[in-house]
Amino acid sequence: MTLRLLQVSSEFFPLLKTGGLADVAGALPAALQHQGVDPCVLLPGFPSVWSGFVHERDVATLTMPWQEQVRVVRGWLNGQTAAYLIDAPALFDRPGNPYEDVSKRPYADNHRRFAALGWVAAHLARGADSQWQPDIVHAHDWHAAWVAPALAHWQRSNKQPHVPVVYTVHNLAYQGLFGRHEFNELGLPASAFGMHGVEFHGMLSFMKAGLYYADHITTVSPTYAQEIQTPDQGCGLDGLLRERASQVSGILNGVDDRVWNPQRDKLIPAVYSARNMTGKAVCKTALQTEAGLQTEPHAPLLAVVSRLTSQKGMNLVLETLDLSVEQGAQWVILGSGDAWLEDALQAKMHQHPGRVSVRRGYDEPYAHRIFAGADAIVVPSQYEPCGLTQLYGLKYGCLPVVRRVGGLADSVVDTTPETLDHKTATGVVFDHFNAEGLRYALSKVIQLYAQDKTWKQIRRQGMACEFSWDAAARQYVLLYQRLLA
Ligand code: ADP
């Protein structure tokens with residue numbers, strides 16, 4: 001019988017994206033469908049999500065524990081993906097970022113907004129739609145985590161059959177923390193507010209709720225699944241994760257070939273493939289021109305496409321950029337994030353005119369042009385659950401320079417005499433999260449770039465890597481089947 005899966009998340013590419021979560025939520029349903037699954041996604045009714053939604057039918061009007069009523073409708077997203085939306089304008093009809101207001105302050109009612117997402121998922125799992133009921137629920141990150149405790153308590157009190165919940169952590173550091181007072185509104189019994197429940201040091205933690213109550217926890221790379229079980233990267237939740245170690249696993253994200261493929265990409269000036277790279281040279285010149293850099297075909301062009309935060313190692317970029325420019329490199333940087341980093345990086349642009357270009361903001365088409373035109377993508381993260389930009393870099397012949405951590409460690413093979421011999425090298429990997437570590441890696445990539453034959457070999461090997469969503473979807477299906485058995 002076909003496995004019916006309800007995917008719950010707050011973002012969905014291409015309709016609403018603030019980071020990698022959206023790419024995953026947007027790509028996974030189609031990949032699961034390839035594997036014979038019947039997926040349906042559930043999303044909050046944010047304005048940009050409505051813009052891609054075609055209504056099919058009304059499903060139910062549900063009352064939340066705080067007595068607010070929300071309508072649930074079913075239809076299609078982008079004509080392809082079956083979807084439920086929560087029609088609750090008072091909660092979700094706000095422009096811009098889904099989590100915070102224009103001054104970057106989290107909305108004061110976020111606990112209710114995302115508990116609503118969890119409660120609606122739980123209702124659907126319990127049969128709120130008479131025409132479609134999921135066998136399993138897959139929730140992504142803290143915004144969707146509330147379905148796990150909601151279902152657990154419901155099933156316990158009504159002796160209902162069990163609908164397993166898989167909870168995927170895309171970033172353990174974003175936890176959805178609220179006060180005890182907020183907990184009281186959200187419909188769980190008081191007993192759930194404790195160490196064996198949703199409490200985290202006197203606070204309500206949505207992340208912990210997901211980790212504690214889900215039937216299985218996944219992360220977006222095998223290495224990150226291990227790292228979060230250590231005090232260093234466990235964000236205070238490593239004890240719980242170690243207790244649940246047998247129910248924690250990692251599945252590496254894929255790349256959505258419909259969106260990221262240099263042979264077909266309509267957003268880049270010229271298409272190319274590993275066999276014929278002339279288009280890449282065209283893209284490089286076009287990028288240098290667009291970014292206001294000197295159009296030197298032989299200058300190593302290094303790139304950053306990232307949230308500008310210290311998690312992403314942007315402070316290290318700041319410290320090492322001058323030397324790499326002296327060594328002949330150019331930089332093209334696209335990102336938004338911490339104001340001090342945005343300002344400091346922009347100052348570097350003025351310090352190195354024609355060598356460094358910094359664009360603030362979020363610009364999806366420009367990101368494509370950067371991967372196509374640049375020679376290397378720099379991802380020096382402090383921690384990295386999976387990381388997608390190094391995967392896009394590999395596909396676009398833009399060599400990843402990464403720190404050996406999380407999904408970066410799982411997806412890039414460092415260039416050494418051995419890996420060159422074995423034809424497995426795909427990029428440059430460094431160990432220590434400090435300026436010295438990155439400086440070493442940047443010098444190495446600049447030197448490799450000067451060795452044309454070696455450079456082309458590494459680039460070819462990187463472009464041949466497969467990070468397909470089909471492979472990831474197969475692993476998720478095996479997991480779902482195991483939980484249902
Ligand atoms: P995270 O989700 O932690 O931010 P990931 O590497 O997993 O990091 O995913 C980031 C995604 O967001 C990638 O698709 C990347 O291309 C994209 N991205 C990041 N910053 C920008 C930006 N300023 N403009 C366009 N795309 C961006």
Side-chain angles (χ1 to χ4, degrees), residues 1-9 11-14 17 20-41 76-83 134-140 164 166-170 216-225 249-265 271 273-275 368 371 385-397 400 406-413 424 426 460-485:
M1 233 182 53
T2 309
L3 189 156
R4 279 167 310 221
L5 172 103
L6 182 68
Q7 171 182 296
V8 193
S9 68
E11 301 185 25
F12 186 88
F13 182 87
K17 168 167 169 177
L21 165 68
D23 290 355
V24 176
L28 196 50
L32 289 170
Q33 216 166 358
H34 267 168
Q35 303 301 321
V37 173
D38 174 15
C40 185
V41 306
W76 296 91
L77 284 175
N78 290 338
Q80 292 170 1
T81 309
D135 303 304
I136 196 151
V137 175
H138 189 163
H140 293 268
V166 173
Y167 178 56
T168 296
V169 179
H170 295 255
H216 191 93
I217 299 156
T218 72
T219 66
V220 284
S221 71
T223 295
Y224 190 59
S249 58
I251 297 177
L252 193 72
N253 284 337
V255 174
D256 193 338
D257 198 59
R258 301 166 301 177
V259 183
W260 298 98
N261 184 341
Q263 296 185 52
R264 284 199 297 266
D265 194 332
V271 292
S273 67
R275 283 225 189 113
H368 283 247
F371 290 113
C386 175
L388 290 169
T389 56
Q390 85 281 9
L391 303 182
Y392 303 152
L394 287 167
K395 259 204 118 159
Y396 280 70
L408 301 172
D410 290 338
S411 56
V412 183
V413 179
T424 52
T426 59
R460 213 173 30 248
Q461 284 157 195
M463 289 178 84
C465 290
E466 283 278 345
F467 294 102
S468 82
W469 268 114
D470 281 344
R474 273 196 292 277
Q475 295 184 62
Y476 281 116
V477 172
L478 284 176
L479 170 64
Y480 302 151
Q481 287 168 339
R482 188 155 58 73
L483 291 172
L484 288 168

[X] and [Y]: which non-hydrogen atoms are nearest, and at how many Å?
X      : Y      : result
Val8   : Val137 : CG2-CG1, 3.8 Å
Arg258 : Ala30  : NH1-CB, 3.7 Å
Leu394 : Ser411 : CD1-O, 3.6 Å
Met463 : Ala274 : CE-N, 3.7 Å
Pro385 : Ser221 : O-OG, 2.6 Å
Leu252 : Pro222 : N-CD, 4.1 Å

Any heavy-atom pair between the side chains of [Y] and [X] that's under 4.5 Å?
X      : Y      : result
Ile217 : Val169 : yes
Ile136 : Leu3   : yes
His140 : Glu11  : no
Gln461 : Thr424 : no
Asp23  : Tyr392 : yes
Ile251 : Val220 : no
Arg275 : Ser273 : yes
Cys40  : Gln7   : no

I'd like to know whether the aromatic ring centres of His138 and Tyr476 sit less than 6.0 Å apart in this structure.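 Under 6.0 Å, so yes.
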Measure centre to centre between the rings of Trp469 and His34, then say whether the value is under 6.0 Å.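 When the ring centroids of Trp469 and His34 are compared, they turn out to be at least 6.0 Å apart.
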How far apart are the C-alpha atoms of Asp410 and Thr223, what are their side-chain angles, what is the distance that settles it, and do they pass the side chain to side chain donor-acceptor pair (under 3.5 Å) test? CA-CA 7 Å; Asp410 290 338; Thr223 295; 2.5 Å; yes
Quick one: do the Thr218 and Thr168 side chains pair a donor with an acceptor below 3.5 Å?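 Yes - a donor-acceptor pair under 3.5 Å links their side chains.
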For Phe371 and Trp260, take the angle between the two ring planes, folded into 0 to 90°, and tell me which bin it lands in: parallel under 30, tilted 30 to 60, perpendicular over 60.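 Phe371 vs Trp260 ring planes: perpendicular.
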Distance-only, no hydrogens or angles: does the [X] side chain make a donor-acceptor pair with backbone N or O of [Y] under 3.5 Å?
X      : Y      : value
Asn261 : Gln263 : yes
Gln390 : Gly387 : yes
Thr426 : Val412 : no

Spacing of [X] atom [atom1] and [Y] atom [atom2] [to the nearest 0.5 Å]:
X      : Y      : atom1 : atom2 : value
Leu391 : Asp256 : CG    : CG    : 12.0 Å
Phe12  : Asn78  : CZ    : CG    : 6.5 Å
Asp38  : Leu5   : CG    : CG    : 9.0 Å

NZ/NE/NH1/NH2 to OD/OE distance under 4.0 Å, Asp135 and Arg4: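 Salt bridge flag = yes for Arg4 with Asp135.
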Determine whether Tyr396 and Asp265 satisfy the following criterion, side chain to side chain donor-acceptor pair (under 3.5 Å), listing intermediate values before the conclusion. CA-CA 10 Å; Tyr396 280 70; Asp265 194 332; 2.6 Å; yes
Start with the C-alpha distance between His216 and Leu479, add both sets of side-chain angles, then the distance that settles side-chain contact (heavy atoms from CB on, under 4.5 Å), and finish with yes or no. CA-CA 9 Å; His216 191 93; Leu479 170 64; 3.6 Å; yes
With side-chain contact (heavy atoms from CB on, under 4.5 Å) as the test, would you mind laying out the steps for Val259 and Phe13 before giving the verdict? CA-CA 10 Å; Val259 183; Phe13 182 87; 3.8 Å; yes
Criterion side-chain contact (heavy atoms from CB on, under 4.5 Å) on Gln481 and Val477, from CA distance to verdict: CA-CA 6 Å; Gln481 287 168 339; Val477 172; 3.7 Å; yes
Could you work out, with side chain to side chain contact (heavy atoms under 4.5 Å, CB included) as the rule, every residue matching Gln33, not counting sequence neighbours?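 In terms of side chain to side chain contact (heavy atoms under 4.5 Å, CB included), with neighbours along the sequence ignored, Gln33 is linked to Pro39.
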